[in-house]
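So you know, we letter chains A, B, ... as the sequences are listed, proteins then strands, and number each from 1. Values below: every heavy atom of this structure, side chains too, minus hydrogens, waters and symmetry copies.
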There are 2 protein chains.
Amino acid sequence: MFNLLSWKDNLRVTIADVAREAGVSAMTVSRALRDPDKVSEKTRAKIRAVVDRLGYVPDPAASALATGKTNVIGVIVPSVTNNVFSDVMRGIYEVAEGSIWQIQLGNSRYSPLEEENLVRTFLSQRPAGLILSGLDQSNETSRLLRSADCRIVQIMECGPDPYDLMIGFSHVEGSAAATRHLVSAGYRKPGYIAARLDPRSQRRLAGFRKAAEKAGVFEPGRIVTTPRPSTVTLGCELVADLLSKAPDTDAVLCNNDDLALGALFECQRRGLRVPEDIGICGFNDLEMMAVANPPISSVRTFRLDMGREALRMLTEALAGVEPDRPIVDLGYEVMPRRSTARNG
Amino acid sequence: MFNLLSWKDNLRVTIADVAREAGVSAMTVSRALRDPDKVSEKTRAKIRAVVDRLGYVPDPAASALATGKTNVIGVIVPSVTNNVFSDVMRGIYEVAEGSIWQIQLGNSRYSPLEEENLVRTFLSQRPAGLILSGLDQSNETSRLLRSADCRIVQIMECGPDPYDLMIGFSHVEGSAAATRHLVSAGYRKPGYIAARLDPRSQRRLAGFRKAAEKAGVFEPGRIVTTPRPSTVTLGCELVADLLSKAPDTDAVLCNNDDLALGALFECQRRGLRVPEDIGICGFNDLEMMAVANPPISSVRTFRLDMGREALRMLTEALAGVEPDRPIVDLGYEVMPRRSTARNG
DNA sequence: ATAAAAAATGGTAGCGCTAACATTTTGTCA
DNA sequence: TGACAAAATGTTAGCGCTACCATTTTTTAT
């Protein structure tokens, strides 16, 4: 005799056990669980009772193999620590909670190559859907995605030619608006600091440049960047660098709020008055911006909503309900606060 | 004839395709991939070539069904936005990257009930391992875990009677040490603020109490807590509350760094000098603490290491290498900074 | 050279579930 | 009440992979 039972000694309850106990066929159990309308009320109740008593939980692997589909939605973000993405993730998990959908999180660490590997791995698992960040995939990743047979949502940005669905906002416009705010607040020598120049950061920088040029206040010498990842400490360093290169700079638009907070700390250490001597504006509007001393102006983005909506659009599409529009622009909102209130 | 092929029109490359092309049996292909030593060098090369050419990727669902095992390691954290956990996650993903192990992240949102559901769901997927936070699971969760046939790592805390492996530190001792630091810095009326009283927060509060009592400076009236989640803004509110209830408070130990930063902002808004009028100490030592004005004292914890080590221990155990000790205490380090430097 | 041992490879069955079709039961209406 | 449609349930086969054992090939020892 064979002994194929080596690993299943752990008496896992299978659909066959439930079927036997309930006196029906396995197929009926399967239907009762995944398509209850197709099973009579009486049978359904009987099956539910047995399922509860035995503690039956369907094996997702077997189900995946049989159907060629999974309940897995892959989410690929560039960073799990960055506040921006963790807010998005929170939104996603919030909506996923209690639903049938399983979130599988991948961390590309801002590397298109790692992203490519993740996409490949995820796709091999027949995901129901994929959520990924931005518009700038590698050629191979794009190819994989275009021929993937699952729904895809791009988040964080809006742009033309989505793979499928898209939700985000315009980084160019957001930082252009912040720049105009600085100009209208009376600053004439604005600088820009940025770390980790991922594509979205670059577009924010481009937005600054565009708006600053238009206002006639653009000076390349007031731009300081570094490939290092953003931290508050780095904000201190970058603004120090900026001020040593261009001491007459009268405002700093920061690529994100961590840098802005660091910039504030550093300016204060140097005895510069914010906003009188120098204005500071961040990007994303993290909660802490509003309670700093002085409160820091920023560009609010809707990260939690983005996560929620991304998953909602995706799961609805999977359920056969196409979204009204495939591209959703959540916009942004400039939040003027005292850190840029030069004229009162 | 049947038409069972409806969904597999997508010409997925299977192990049979590879076997045919390589002129060997499927079994040999399987072995070549998962146990290369068992296949001759020549055959292996031939198979590898075909695998590359066809772009074959094994179907994890089929593999899971056949072996009863998966490569999935479930990670359950109470929050994906909290800096503390996102650092741990980053450590985990760092180690997982490039390995065969798939991380499946669950977010219990500080709810033992949601944790229980997650554990149940995860276990139904036959994970290779589980990483979860803390010592305080529900009875049912404990039962599930004790009878689970996968390796388990508890993170964030150390305590007796682990399910399996454990890595963390003592929150009681950490905050007791911070309290002693305050006392030795000359503060005699220390208060404590905390939000979201999860079990670890409670133990930190207990540590404060223990050390404050020992030093003869404990006063219950100087403790302010709230169930709301920690934010910088909440730090402002809590310290405001503390100061209205006990205006002569001369130091605040904060349950975490967000609160500490908020406390600093609020004290400064009120014209209190830090550290002369009031000392402020945080917990976790986020990067920004060192660059605030003044720099904020905190208790450093080793979150990234905790994530890395947790996954390392787990995967080594899965590979048959038992860790030296099942419980690893990573300790903590009090970081005295100017925010508590009352005597110079 | 030959037997015995070791290494490499293959054949078969089955993991747990569900698509597709087949059959039985129930409900409806003339 | 019988004929027919609709609903409920059952049967069969197979998803892609790997455990187990069987067989073949290679290596080693005598």
For B:Leu118, enumerate each residue passing the side-chain contact (heavy atoms from CB on, under 4.5 Å) test, keeping only those at least two apart in sequence or located in another chain. B:Ile76, B:Ser108, B:Phe122

Residues that A:Glu157 engages under side-chain contact (heavy atoms from CB on, under 4.5 Å), provided they are two or more places apart: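 For A:Glu157 the side-chain contact (heavy atoms from CB on, under 4.5 Å) partners, ignoring immediate neighbours, are A:Leu135, A:Asp136, A:His171, A:Arg200, A:Arg203.
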
Quick one: do the B:Thr121 and B:Ser124 side chains pair a donor with an acceptor below 3.5 Å?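 Short answer, no.
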
Whether the A:Ser142 and A:Tyr163 side chains hold a donor-acceptor pair (N or O, under 3.5 Å, no angle test) is what I'd like checked.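 Looking only at side-chain atoms, A:Tyr163 and A:Ser142 do form a donor-acceptor pair, the distance falling under 3.5 Å.
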
Could you work out which one of [options] sits closest to the side chain of [X]?
X: A:Thr67; options: D:dC17, C:dT18, C:dG16; result: C:dT18
X: B:Ala26; options: D:dG16, D:dT18, C:dC17; result: D:dT18
X: A:Arg31; options: C:dG16, D:dG10, C:dG10; result: D:dG10
X: A:Met27; options: C:dA20, D:dT18, D:dG16; result: C:dA20
X: B:Thr28; options: C:dG10, C:dC17, D:dC17; result: C:dG10

For A:Asp59, give me all partners under side chain to side chain donor-acceptor pair (under 3.5 Å), at least two apart in sequence or on another chain.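 Only B:Arg126 meet the side chain to side chain donor-acceptor pair (under 3.5 Å) criterion with A:Asp59.
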
Could you list the residues that satisfy side chain to side chain donor-acceptor pair (under 3.5 Å) with B:Arg48, not counting sequence neighbours?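 Per chain and number, B:Arg48 pairs via side chain to side chain donor-acceptor pair (under 3.5 Å) with no residue.
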
Salt-bridge present (A:Arg31, A:Asp37; N to O < 4.0 Å):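 Judged by the 4.0 Å cut-off on N to carboxylate O distance, A:Arg31 and A:Asp37 do not form a salt bridge.
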
Considering only NZ, NE, NH1 and NH2 on the basic side and carboxylate oxygens on the acidic side, decide whether A:Arg120 and A:Glu140 come within less than 4.0 Å.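 Yes, A:Arg120 and A:Glu140 are salt-bridged.
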
Counting only heavy atoms and a strict 4.0 angstrom limit, can you tell me which residues of residues 34-47 of chain B come near DNA chain D? B:Arg34

Can you name the atoms? Protein N/O to nucleotides 24-28 of chain C N/O, anything below 3.5 Å, with the distance.
none

